Structure formats: structure tokens, C-alpha cells
Amino acid sequence: MVTEQNLITSENQVETPALGLWQQIKEDWIAHGRDWTKPGFRAVAVQRFGAWRMKVEPKLLRAPLSILYRSLYRKIRNTYGIDLPYTVKLGRRVVIEHQSAIIIHGYCTIGDDCIIRQGVTLGNRYLDKPLESPQLGDRVNVGAGAKILGKVNLGDDVNIGANAVVLSDVPAGKTAVGIPAKILAFTNNHENA
């Protein structure tokens, strides 16, 4: 039976049942090329487990799951260099393409079908505003070494170039590159030919 708590409202206001833990992990496994050995898949699976265990009641039953989560989280962070806390609002089918030096702020929101590569930081910009974090839309493609800092909103279908430092919002469908990141203005060269 679908309850009110198990419904998710998407952008087009159609309510769909929320996926269970194993359904989410299966989707992530397929998105990672059906390879359970990939560090990115393992990090996402541990994050999903960490978020799921917070729904377990009573807290006495949650305690052993929390101990297991903390040990798995530290193993992923220390072995693969992927810091993905359970407090991140992670969309469906998020792919972490490669391992090493990936830091994601605990209050980030990452939309569906996003790709994150090695060396990416999604973090806060100012010490006096520790809870401000990036918000990524759906299908955001973050290049290797990119830094997205502060309360930045990236629209759907945004591309962030490798090693870009994003400090301001990027509208949907745009590409941002450089330090600090600037939005590229494409021209259609086919019309001039």
C-alpha cells in the first residue's frame, strides 16, 4: 500500500511511489554499468544505506545499523577518497565516474542522472555560512577537478568544465568553464557555411 509518506512529487506534479533501498541500489548498479566493484557505485550504495537506516524505528534497532554505516562510510572515504555523507539529497541514478578527492557537502542536493568525476568539490564558500551548499539540477555533468562552492544553483542539463571554479548560478542547459567559471556562448557556425 502506498502511503502519503511514500509519495514523491516530481517537477510535473505527478506523484510516484518512492523507491525502496534495494530498488535504488539496483538502479545505481545499472547506471554504473552493472559493475559492483566500481568505487563510485560502492559510495552511492553506502550513502543510500545511511539515509535508509535513519528511517528505522525504534532507535535501539537503528544503533547497530548506524555502527555498520559509520564503518562503511569511513572505509569508502579512506580507501577511495569519496566523501559522500548520508545527509546529501541524492537523486536517482547518480554516477560517480572515478575515485579520489571527491568531497560533497552534507547539505548538497544532487538531481537525477548526474555525473560526478574525480577531484570534484561541492562545498561551502564562507566559514561563517557553513550550511550553504550547491544545489544541482537533473542531468548535470561535472568535469574532473571542478569546484562548486557556496549557495550555487545549477539548472538541469548543465555542463561544468574540468577544473572550473563555479561561484555563481548557472542556468539550465548552459556550459560553464574557467576560473572563475563563465558561461559559454555558443554560435551556430552551420548557418554561416
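On a predicted model such as this, the values are computed, not experimentally measured, just so you know. Numbering of residues begins at 1 and proceeds along the displayed sequence.
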Would you compute the distance between atom [atom1] of [X] and atom [atom2] of [Y] and round it to the nearest 0.5 angstrom?
| X | Y | atom1 | atom2 | answer |
| --- | --- | --- | --- | --- |
| N153 | I148 | CG | CD1 | 11.0 Å |
| I115 | R139 | CD1 | CZ | 11.5 Å |
| I110 | D138 | CD1 | CG | 11.5 Å |
| Q24 | L21 | CD | CG | 6.5 Å |
| T87 | M54 | OG1 | CE | 10.0 Å |
| I160 | N141 | CD1 | CG | 9.0 Å |

Lys/Arg-Asp/Glu bridge criterion (N-O < 4.0 Å) met for D83, R77: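 Answer for the salt bridge query: no.
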R92/E27 ion pair, N-O < 4.0 Å: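 Yes.
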Trace of the side-chain contact (heavy atoms from CB on, under 4.5 Å) decision for I96 with I82: CA-CA 9 Å; I96 297 179; I82 302 172; 4.0 Å; yes
Q118 vs S100, side chain to side chain donor-acceptor pair (under 3.5 Å): CA-CA, chis, key distance, verdict: CA-CA 6 Å; Q118 71 273 17; S100 190; over 6 Å; no
Distance flag, aromatic centroids of Y86 and Y73, threshold under 6.0 Å: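 No, the ring centres sit 6.0 Å or more apart.
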Remaining members of hydrophobic cluster (4.5 Å side-chain criterion), V165: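 Its cluster partners, ordered by chain and number, are L149, L167, I179.
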Candidate pair V95 and D113, rule side-chain contact (heavy atoms from CB on, under 4.5 Å), full reasoning: CA-CA 7 Å; V95 174; D113 302 305; over 6 Å; no
Among V140, L154, L122, the one residue meeting side chain to side chain contact (heavy atoms under 4.5 Å, CB included) with P134: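 Exactly one candidate clears the test, L122.
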Enclosure of L60 CG (heavy-atom neighbours >12, cutoff 6.0 Å):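 Counting neighbours around CG of L60, 12 or fewer heavy atoms of other residues, nucleotides or ligands fall under 6.0 Å, so no.
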Crowding at CZ, F49 (>12 non-hydrogen neighbours, <6.0 Å):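 Correct, the count exceeds 12.
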Pairs touching residues 51-60 that satisfy salt bridge (Lys or Arg N to Asp or Glu O under 4.0 Å), sequence neighbours left out: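 Only E57-R62 qualify under salt bridge (Lys or Arg N to Asp or Glu O under 4.0 Å).
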L136 and V142: CA distance, side-chain angles, deciding distance, side-chain contact (heavy atoms from CB on, under 4.5 Å) verdict: CA-CA 10 Å; L136 280 63; V142 183; 4.0 Å; yes
Under the side chain to side chain contact (heavy atoms under 4.5 Å, CB included) test, residues paired with F41 that sit two or more places apart: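 With neighbours one apart ignored, the set is I25, D28, W29, H32, W36, K38, A45.
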